[in-house]
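Fair warning: this is a prediction, and the values are worked out from it, not measured in the lab.
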Amino acid sequence: MAPQPEPGVEMTVADLMKHLSAADPSARVRLAINPFFPMAHKMGAVIVGTDHDERPIVYLAEDVEAVQYGNLPRPVAETLTWMPPVEPPARGRRLRAVSDGDTSRDTP
């Protein structure tokens, strides 16, 4: 996955183009929303406008027919640092299979 911009630094169109140019052109686009409940949303319109100071700005809108597409895949949420990486369980004691006729179990 591509490196993420520094927190507090706004991404420019040039930055976005650089990231997108490294992606498969046939890949679908999703918006990652809400770090506390990571969800994926379908992209809708791309609007070029101006901000309150009349500086040019590009708005990426959610698809009006898709409120939530589904959970954000965990590896994506981990890359965004919205979730901590999951460590595999420690290898500990091994469990053995028990059948219905097994009489070696302790009985109360």
**Request:** Please identify each residue that fulfils salt bridge (Lys or Arg N to Asp or Glu O under 4.0 Å) with D51, with sequence neighbours left out.
**Result:** R55
**Item:** Cluster check M39, L31: I/L/V/M/F/W/Y, side chain < 4.5 angstrom
**Value:** no
**Request:** Report yes if the side chains of L16 and L20 come closer than 4.5 Å at any heavy-atom pair, otherwise no.
**Result:** yes
**Message:** Check this for me: F37, atom CZ, are more than 12 non-hydrogen atoms of other residues, nucleotides or ligands nearer than 6.0 Å?
**Reply:** no
**I47 reachable from M17 in the ILVMFWY side-chain graph, under 4.5 Å edges** = no
**Contact check, side chains of L60 and V29, non-hydrogen atoms, under 4.5 Å** = no
**Prompt:** Is there a side-chain contact between E62 and K42 (heavy atoms, below 4.5 Å)?
**Reply:** no
**Item:** Path from I33 to M83 over hydrophobic side-chain contacts below 4.5 Å
**Value:** no
**Asked** Hey, what do you get for OG1 (T12) to NZ (K18), rounding to the nearest 0.5 Å?
**Response** 10.0 Å
**Prompt:** Are V13 and M43 connected, step by step, through hydrophobic side chains (Ile, Leu, Val, Met, Phe, Trp, Tyr) whose heavy atoms are closer than 4.5 Å?
**Reply:** yes
**Interatomic distance, L80 atom CG to L72 atom CG [nearest 0.5 angstrom]** = 6.5 Å
**Message:** Please find the pair of heavy atoms, one from A32 and one from W82, that lie closest to each other, and give the distance.
**Reply:** O-CH2, 3.5 Å
**Message:** When you group the ILVMFWY residues by side-chain heavy-atom contacts below 4.5 Å and let the links chain together, are I57 and M11 in the same group?
**Reply:** no
